[in-house]
Visitor: 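Can you read through this structure? Questions will come right after.
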Number of protein chains: 2
Amino acid sequence: MTEPRITIIDVARAASVHPSTVSRVLNRRAELSLLPETRQRVITAARRLGYRPSALARSLRLQRTFTLGMLVPNIDNPFFPPIIKGVEDTAHARGYNLVLCNTEDSSEREDAYLRVLRERQVDGILIASSFMADATIAELRRDRFPFVLVNRGTRGSDDLAVLVDNEKGVAAALDHLVDLGHRRIGIVAGPQTTMTGRQRLTAARVTLRARAVKLDPALVSVAEAFSQEAGYRAARRLLVGVEPPTAVFGANDLLAIGVLRAAREAGLECPADLSLVGFNDMPLTEFFGPPLTTVHVPQREMGVRAADLLIAQIEGKPAATRRVTMDVHLVVRGSTAALSRSQQKTA
Amino acid sequence: MTEPRITIIDVARAASVHPSTVSRVLNRRAELSLLPETRQRVITAARRLGYRPSALARSLRLQRTFTLGMLVPNIDNPFFPPIIKGVEDTAHARGYNLVLCNTEDSSEREDAYLRVLRERQVDGILIASSFMADATIAELRRDRFPFVLVNRGTRGSDDLAVLVDNEKGVAAALDHLVDLGHRRIGIVAGPQTTMTGRQRLTAARVTLRARAVKLDPALVSVAEAFSQEAGYRAARRLLVGVEPPTAVFGANDLLAIGVLRAAREAGLECPADLSLVGFNDMPLTEFFGPPLTTVHVPQREMGVRAADLLIAQIEGKPAATRRVTMDVHLVVRGSTAALSRSQQKTA
DNA sequence: GGAGTATAGGCAATCGATTGTTTTCGGCTG
DNA sequence: CAGCCGAAAACAATCGATTGCCTATACTCC
């Protein structure tokens, strides 16, 4: 903008009133009585000049930006967009804007962005990013800076959080495989540096033990990220063994797709040679070849609940609950099938 | 934050210097000489107090926010995340932050967000949103507000823009189908309220005419959005006719996936009964069932170029070029096949 | 030793809006 | 007609950082 900015002072001059009067008129403050005629003069002048308030100046004065920040690990993961939309819709409806930060699964970027968000004085932060050091979060806690964790927990503290019932979801996924007759089940786990990665792997162990299926350590492969590529690399380690699995559980859908690719490369058909279950039920999974059996997570709803929680906290409303756990359920599609004779022979 | 904010004044007091000195130290201004010892005292004090500059105050004073705004039609469309990442990476590398706005294909939201971005005084805007009224853009142009169009053009003006070679892409897609022997080719076009939608349909007509294939008006179905659902609805209208197409071109990948769904429902196998080509080559298309033949668009690169263009404009650097057209090429995968005998009989 | 000058850093205006306090002015009362 | 009241709007401080300009101090040179 090379044009000089139209300020409240310009409007005041045009309407022959004091700037403070302009402010009161435009903010519809009832505290002070104003002549209807004056009010009209101000409004007309503002419109005529094309006045746009400066959110910067306003925020500086009010110490409130009406902006939320959100840290997302990777916007490329189709799991997140619906969550983001849920947050955005809710925020918008309540008069807040959203600044989105893609941390690219890097803790440096997480820290950098967090700093930026605080310097910009966002009113609160949603953290869907999972690598973040507990120390960083502890700092937020100490400063009483409003924040909500999304799809990730922290050890034992009572931070505001919207979580997924990982235990139930993993159990549903593995029960399904066991029910189909599978006994050699492989796990492509998420990074064990993340809460989600650890919880799901632990839950898998628990479930298999409960079903009396023993988990061959050679069939557990930890991916270094929640991405298709990492899933592919992890799956390759899994499928080359002397006794490959007849079914694999991927700790999220992208990992499962990576497994699919590795399987194809190894000449395995899914689900004939290898059953596959994912987690999240991200958009478009039903169109994959084959359509992915996966654990459905109410993504948009998570975003909505997270934004609700955060805004309530910001506005000092009594939080009905500090922790929301989303229910999940298995969606059976085409990537899983009963253990076949040929698979039994191989195994 | 309930804690009182640490300001530059607090640091100044702690270091026994004037606030202006603190500012100069922390901004490494060389214009004025400072005693190394003073400098050190200030830095120490700032660190000890945990001073965080207020981006708000800074921006207000400098009339610069070092923030870019980006309007995206729908973050759910996997086509956009890589573009966004390209923008974000570039912006970040140049010291800018990005505020992302999801317009949900609604022109009201577009206008609302555009207003918000201007009130927040972002330094420039990237517009990937396609519905936006030309009048709104004209206003930006008039105010000399820096902006770049991404993946959409405007009629005849010389706005900064990063475009896709739609003509070439569409020609490649349809040439491929014609080369495979298809003559009854259906088009699922994008909304004709968007430039992209119109350009691709026009290009399709031109290409088919050039190949002397006549386009049955009954085989052109316009979707009301660039979404899977809209594609599905549009495709249903197309496939129920007395003489259905043997191949379909979807104006983007999501539309193509909608076609796939409709085809499946109609009992048609892809590519055996129906060949299908999309546009964009968004992430994961290779994992669809069948893997989608589509026109590859360098998504991340588009974002990078757009951010480059915008930042150059903001910083008053001479723009080498006002308009960048990305090259595209067809990626043949599994959703297209040569016209088969059975299809010929049907047709 | 006094004028000149370089160096270090303080002073104060400014960015644009908000809001508690004060002023102004007309009208009314005693 | 002085005094008071209330409505309407002006005044001025404030949010936090930046920067052109000015000042104070010490040092140099003749």
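Every value quoted in this text rests on a predicted model; they were computed, and no experiment measured them. First the proteins, then the strands, lettered A, B, ... as listed; each starts at 1.
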Visitor: Of B:L34, B:V25, B:V22, which meets side-chain contact (heavy atoms from CB on, under 4.5 Å) against B:V17?
Guide: B:V22
Visitor: For the side chain of A:R5, counting heavy atoms from C-beta on, which of C:dG16, C:dT19, C:dG9 is nearest?
Guide: C:dG16
Visitor: CZ of B:R118 versus P of C:dG16: gap in Å, rounded?
Guide: 15 Å
Visitor: Check whether any side-chain heavy atom of B:I137 lies under 4.5 Å from a side-chain heavy atom of B:R141, and answer yes or no.
Guide: yes
Visitor: Could you tell me whether the phosphate oxygens of C:dG9, OP1 or OP2, come under 4.0 Å of any side-chain nitrogen or oxygen in B:S20?
Guide: no
Visitor: At under 4.0 Å, does any side-chain N or O of A:T21 touch on OP1 or OP2 of D:dA9?
Guide: no
Visitor: So if I apply the side-chain contact (heavy atoms from CB on, under 4.5 Å) rule between A:V148 and each of A:I127, A:I311, A:L309, A:D308, which one comes out positive?
Guide: A:L309
Visitor: Knowing that exactly one of A:D143, A:D111, A:D123 qualifies, which makes a salt bridge (charged side-chain N to carboxylate O under 4.0 Å, His left out) with A:R118?
Guide: A:D143
Visitor: Could you state the CZ-P distance from B:R41 to C:dA8, rounded to the nearest angstrom?
Guide: 13 Å
Visitor: State whether the distance check finds a donor on one side and an acceptor on the other, under 3.5 Å, for side chain B:R24 versus base C:dG10.
Guide: yes
Visitor: A:N27 CG to C:dT19 C1': how many Å, rounded?
Guide: 11 Å
Visitor: Contacts to DNA chain C from residues 51-67 of chain B, heavy-atom cutoff under 4.0 Å, which residues?
Guide: B:L60, B:R61, B:Q63
Visitor: Spell out yes or no: do the side chain of B:T7 and the base of D:dC15 have one donor N/O and one acceptor N/O closer than 3.5 Å?
Guide: no
Visitor: Only one of B:T7, B:I8, B:V11 forms a side-chain contact (heavy atoms from CB on, under 4.5 Å) with B:P19, so which one is it?
Guide: B:I8
Visitor: Please give the angle, rounded to 10 degrees, between the axes at the start and the end of the helix from C:dG1-D:dC30 to C:dG30-D:dC1, where five pairs define each axis.
Guide: 80°
Visitor: Should we count CZ of A:R305 as having more than 12 external heavy atoms under 6.0 Å?
Guide: no
Visitor: Do the numbers put A:R47 on top of the ring of A:Y51, so that NZ or CZ is under 6.0 Å from the six-membered ring centre and no more than 45° off the axis?
Guide: no
Visitor: Quick one, B:F145 and B:I125 - any side-chain contact, counting heavy atoms below 4.5 Å?
Guide: yes
